[in-house]
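Take a look at the structure set out below.
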Amino acid sequence: MAALSKSIPHNCYEIGHTWHPSCRVSFLQITWGALEESLKIYAPLYLIAAVLRKRKLEYYLYKLLPEILQSASFLTANGALYITFFCVLRKILGKFYSWTPGFGAALPASYVAILIERKSRRGLLTIYMANLVLLFCITAAMYMFFFRCKDGLKGFTFSALRFIVGKEEIPTHSYSPETAYSKVEQKRETHRGKPRGMNLIALVRTLVDSICKHGPRHRCCKHYEDNCISYCIKGFIRMFSVGYLIQCCLRIPSAFRHLFTEPSRLLSLFYNKENFQLGAFLGSFVSIYKGTSCFLRWIRNLDDELHAIVAGFLAGVSMMFYKSTTISMYLASKLVETMYFKGIEAGKVPYFPQADTIIYSISTAICFHAAVMEVQNLRPSYWKFLLRLTKGKFALMNRKALDVFGTGASREFHNFIPRLDPRYTIVTPELPIDFS
């Protein structure tokens, strides 16, 4: 561990913004780069979420853009305020200590940044790593249990799960089975009266119907239009298509950027491995969950909320198709948040004001500290995210000078030494090694 009392006399240009001696110019460059990347991240994310939640026109006209800008401002502030406090601490303390380049600068920066974000999006974050698939299985099991419990989930989480697995898996409905059957028959009669174009979707639906026409359906199952086999297959096809289209949409900005220089790259928009991986993940999650739920209804002859724990856990194996630490950790953190607030409502857990903000700030500060002092211990995906957010400038820090603190800061940078202007340095800069 680095000695907290040990210090180095270098200024912020020599250690931090080595690409430009001016703190102000460096701040503007980081801010602009972070804002550009933040908009690229949040614009498609919010747009896809709005489509999936079937938002009305009023939302697109008056709320979509402000919400995108607010979240983009939060992420931009994380990077911009970090370099700000990095320079401010150096000017106040007159030197760098082992804690100032990372944790010291990142803690106040992340705290102020999270206050910009909407309260509903301030989830509890965690810095511990666990087995990815097992963590997702447990998380999915608990989510699906709360989803099936009355008043178990609310807001966007409930709406998202209802969209993914379908309202048929919600145990309480506002209509009886007899009413449901009559509605299904009315719907079928309506469809018979309308001419249907034989497009691709209609052909797939016809094929699935023909395959599963005579399949069984348990009396406790609420998917009245389909038998259990058809119910699972249609669930897979529907969510596979959604996952495939989402991944295609996310790749559109990158693909069109090379429209004229490399037209062949447009094919990767449709024939990309990640597109099929996300589709397989969502499709298999839904089909396994629905299939397990139907199977348990058959063998137990009842519909029970506890089935969701087993079905959700088994469905979590679908993470094998799309191993995403981001998805797994985010959902796990949101689950902790959900359980925490349920404990508060039940009077079992004390309420700590600003708990989410404080935990986020500390967690982010620790990650930033690792990114500065010991990148080898940081999750690779998070390091790539920091490089993307700062346009690669995070890798330009003078970590060679930080090796004195004993954390091996320059270990992953192959003795990189920045080219510094001696007119703005305190310590005579070491000349970069020319390997050419």
Side-chain angles (χ1 to χ4, degrees), residues 31-81 110 112-125 139 143 147 153-165 238-257 269 272 274-275 277-279 281-282 285 322 324-335 337-338 356-357 360 364 381-382 384-386 388-391:
T31 302
W32 178 253
L35 179 60
E36 182 182 344
E37 290 301 319
S38 300
L39 290 173
K40 289 180 181 179
I41 293 172
Y42 282 109
L45 182 66
Y46 273 82
L47 185 59
I48 292 173
V51 173
L52 294 180
R53 297 178 70 177
K54 299 178 181 179
R55 293 286 195 179
K56 296 181 180 180
L57 180 61
E58 182 180 353
Y59 174 82
Y60 291 95
L61 294 177
Y62 303 107
K63 293 184 178 180
L64 178 60
L65 183 58
E67 288 185 1
I68 292 175
L69 292 177
Q70 186 172 5
S71 292
S73 299
F74 145 71
L75 194 55
T76 302
N78 258 310
L81 292 177
S110 56
V112 175
I114 194 62
L115 295 178
I116 299 175
E117 182 60 287
R118 288 182 296 146
K119 181 69 176 178
S120 60
R121 289 183 53 83
R122 301 177 196 172
L124 294 175
L125 303 178
T139 302
Y143 262 119
F147 173 70
L153 293 175
K154 300 177 183 178
F156 174 73
T157 305
F158 178 81
S159 300
L161 287 176
R162 183 175 60 183
F163 173 81
I164 292 172
V165 301
R238 174 173 169 269
M239 289 313 300
F240 179 89
S241 303
V242 170
Y244 177 83
L245 291 174
I246 287 176
Q247 198 65 39
C248 284
C249 292
L250 292 176
R251 296 181 64 85
I252 285 176
S254 175
F256 276 91
R257 195 161 53 235
L269 182 65
N272 186 273
E274 292 184 359
N275 296 9
Q277 286 177 334
L278 182 59
F281 163 56
L282 292 177
F285 180 89
Y322 191 79
S324 172
T325 305
T326 303
I327 292 176
S328 188
M329 298 302 291
Y330 174 75
L331 292 178
S333 67
K334 293 299 291 184
L335 177 63
E337 182 183 37
T338 299
D356 52 354
T357 303
Y360 171 83
T364 305
S381 59
Y382 191 74
K384 290 180 182 178
F385 169 72
L386 290 178
R388 178 184 174 187
L389 192 65
T390 60
K391 299 291 186 180

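Just so it is clear, the model here is predicted, and its values are computed rather than measured.
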(message) As an exercise, state the distance from CG of Asn78 to OG of Ser73, rounded to the nearest 0.5 Å.
(response) 11.5 Å
(message) When you compare the side chain of Phe281 with that of Gln277, does any pair of heavy atoms fall below 4.5 Å?
(response) no
(message) Is the shortest side-chain heavy-atom distance between Leu69 and Leu39 below 4.5 Å?
(response) yes
(request) Kindly assign one of parallel, tilted or perpendicular to the pair Phe240 and Tyr244, based on the angle between their ring planes and the thresholds 30° and 60°. (result) parallel
(request) Could you tell me which non-hydrogen atom of Ile164 sits nearest to which non-hydrogen atom of Met239, and how far apart they are? (result) O-CG, 3.7 Å
(message) I want to check a possible cation-pi pair here: Arg238 against Phe163, using under 6.0 Å from ring centre and within 45° of the ring axis as the test.
(response) yes
(message) Could you go through Trp32 and Lys391, starting from their C-alpha distance and side-chain angles, then the distance that decides it, and tell me whether this counts as side chain to side chain contact (heavy atoms under 4.5 Å, CB included)?
(response) CA-CA 10 Å; Trp32 178 253; Lys391 299 291 186 180; over 6 Å; no
(request) Look at Glu58 together with Lys63 and state whether they make a salt bridge at an N to O cut-off of under 4.0 Å. (result) no
(request) Over all heavy atoms of both residues, which pair between Thr31 and Ala80 is shortest? Give the atoms and the distance, please. (result) OG1-CB, 3.2 Å
(message) Can you confirm whether Ser71 sits close enough to Ile41 that some side-chain heavy atom of one is under 4.5 Å from a side-chain heavy atom of the other?
(response) no
(request) Could you tell me which non-hydrogen atom of Leu386 sits nearest to which non-hydrogen atom of Thr390, and how far apart they are? (result) O-OG1, 2.8 Å
(message) According to ring pair (Phe, Tyr, Trp, His ring centres under 6.0 Å), does anything in residues 49-71 pair up with another residue at least two apart or in another chain? List the pairs.
(response) none
(request) Quick one: closest heavy-atom pair of Ser38 and Thr76, and the distance? (result) OG-OG1, 3.4 Å
(message) Give me the atom names and distance for the closest heavy-atom approach of Ala77 to Ile116.
(response) CB-CD1, 3.7 Å
(message) For the CG atom of Leu47 and the CG atom of Leu65, what is their distance to the nearest 0.5 Å?
(response) 11.5 Å
(request) Quickly, which of Leu245, Ile246, Val242 forms a side chain to side chain contact (heavy atoms under 4.5 Å, CB included) with Leu278? Name it, please. (result) Ile246
(request) May I ask you to test the Glu67-Tyr42 pair for a side-chain heavy-atom distance under 4.5 Å? (result) no
(message) Could you measure the distance from the CG atom of Leu75 to the CG atom of Leu35? Nearest 0.5 Å is fine.
(response) 9.5 Å
(message) Could you tell me if the side chain of Tyr322 sits less than 4.5 Å from the side chain of Gln247, heavy atoms only?
(response) yes
